[in-house]
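Below is one structure, written out as C-alpha cells; the observations come after it.
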Amino acid sequence: MEFFCYHRDRPGSLPLREELLEEHWSYMDRYAKELIARGPTFGADGETPTGSVHIVDLPDPAAARAFAFDEPGYQAGAYRDVLLRRWRNLLGRTMWDFPGGRTGDDRYLVLGLGTAGQAADLDVPPDRDELVAYGPLLSDDGETWLGTAVLLRAPDPDTARAVLTADRYADIEVHDWEFGGRR
C-alpha cells in the first residue's frame with residue numbers, strides 16, 4: 001500500500017531540524033527500498049524549509065502511522081502537523097526514474113485537498129514527463145477520494161497549480177520542492 005506523508009514544519013524549528021538531519025536521514029535509510037519519493041519543501045524565499053514529503057510503500061495503515069510518527073523530527077517536536085493519506089502511484093515509478101533527473105530548479109509539490117463529492121484528476125495528465133509523482137489521496141481503506149498529490153517540474157507555481165482542476169478542490173497548495181535524501 002502506498003502512502004503520502006507530509007510533515008509540516010513548526011515555525012522556528014529550523015535549528016532543531018538541522019540538528020536532527022543525520023538522525024532523519026538514518027531513519028529514512030531504513031526505508032530506502034520502500035520510498036517512492038522524498039524531499040523538503042521551501043517557503044517563498046526558496047531557501048527556508050517548510051516541510052518534508054515522503055511517499056512510501058508500506059504493508060498497512062498502522063505501518064504508515066509508525067513511519068510518520070516515529071520519525072526523529074516528529075518525535076522532537078519539529079513539525080506542527082502531519083498529513084498522512086493512502087496514495088496511489090498512477091505513474092508506476094519512483095522519483096529516481098523521473099526522466100528530468102535529480103537536479104534542477106522549478107520543482108513543486110501540489111496538494112489538491114478535495115471537497116465532498118466526485119473525485120477529480122484520476123487520470124494522469126498528458127505531459128507525464130514533467131511529473132515526478134502523481135496520484136490520488138485516499139482514505140485508509142483506499143475507497144474514498146480525498147484529494148490529489150503531485151510532485152512535478154514546472155516553470156512557475158501557477159503552471160504547477162494548473163495541473164489540477166481548480167474548481168474541484170476546496171484548496172490547492174503549491175510548495176517549492178526538491179529531491180531529498182543524502183547528497
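Bear in mind the structure is a predicted one, so any value in this text is a computation, not a measurement. Along the sequence shown, residues carry numbers from 1.
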Output yes when a side-chain donor or acceptor of [X] lies under 3.5 Å from a complementary backbone atom of [Y], and no otherwise.
X     : Y      : value
Ser26 : Glu22  : yes
Thr94 : Trp96  : yes
Trp87 : Gly135 : yes

Spatial distance of atom [atom1] ([X]) from atom [atom2] ([Y]) [nearest 0.5 Å]:
X      : Y      : atom1 : atom2 : answer
Thr165 : Asp121 : OG1   : CG    : 3.5 Å
Glu34  : Tyr31  : CD    : OH    : 8.0 Å
His24  : Met28  : NE2   : CE    : 4.5 Å

**Q.** Pairs touching residues 51-70 that satisfy side-chain hydrogen bond (donor to acceptor under 3.5 Å, both in side chains), sequence neighbours left out
**A.** Arg65-Asp140

Q | Within residues 2-12 or reaching into it, pairs that qualify as side-chain hydrogen bond (donor to acceptor under 3.5 Å, both in side chains) - sequence neighbours excluded | A | Tyr6-Thr41, Arg8-Asp81, Arg8-Glu173, Asp9-Arg17

Compare every heavy atom of [Y] with every heavy atom of [X], then report the nearest pair and how far apart it is.
X      : Y      : value
Gly73  : Leu20  : CA-CD1, 3.9 Å
Leu164 : Tyr134 : CD2-OH, 4.3 Å
Leu146 : Ser139 : CD1-N, 3.6 Å
Val53  : Phe4   : CG1-CE1, 3.9 Å
Pro40  : Gly180 : CD-CA, 4.0 Å
Ala133 : Ile55  : CB-CD1, 4.0 Å

Give every donor-acceptor pair under 3.5 Å between a side-chain atom in residues 108-120 and any protein atom, sequence neighbours left out.
none

Q) Salt bridge between Glu178 and Arg107, side-chain N to carboxylate O under 4.0 Å? A) no

(Q) With heavy-atom distances below 4.5 Å as the criterion, would you say the side chains of Phe179 and Arg38 are in contact? (A) no

Q) With a 4.5 Å heavy-atom cut-off, do Arg85 and Leu138 have their side chains touching? A)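 No, their side chains stay 4.5 Å or more apart.
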
Q.
Working note: Arg88 + Leu90, criterion side-chain contact (heavy atoms from CB on, under 4.5 Å); need CA distance, chi angles, decisive distance, verdict.
A. CA-CA 6 Å; Arg88 189 168 302 125; Leu90 295 183; 4.1 Å; yes

Q) Looking at Tyr74 versus Phe69, is the centre-to-centre ring distance below 6.0 Å? A) yes

Q.
Run the side-chain contact (heavy atoms from CB on, under 4.5 Å) test on Leu131 and Val124 for me, step by step, so that the C-alpha distance in whole Å, both residues' side-chain angles and the decisive distance to 0.1 Å come before the verdict.
A. CA-CA 9 Å; Leu131 301 173; Val124 176; 3.8 Å; yes

Q: Check step by step if side-chain contact (heavy atoms from CB on, under 4.5 Å) holds for Leu152 and Trp177.
A: CA-CA 9 Å; Leu152 78 155; Trp177 172 81; over 6 Å; no

**Q.** Residue Arg161 excluded, over 12 heavy atoms near CZ under 6.0 Å
**A.**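 Enclosed: over 12 neighbouring heavy atoms sit under 6.0 Å from CZ of Arg161.
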
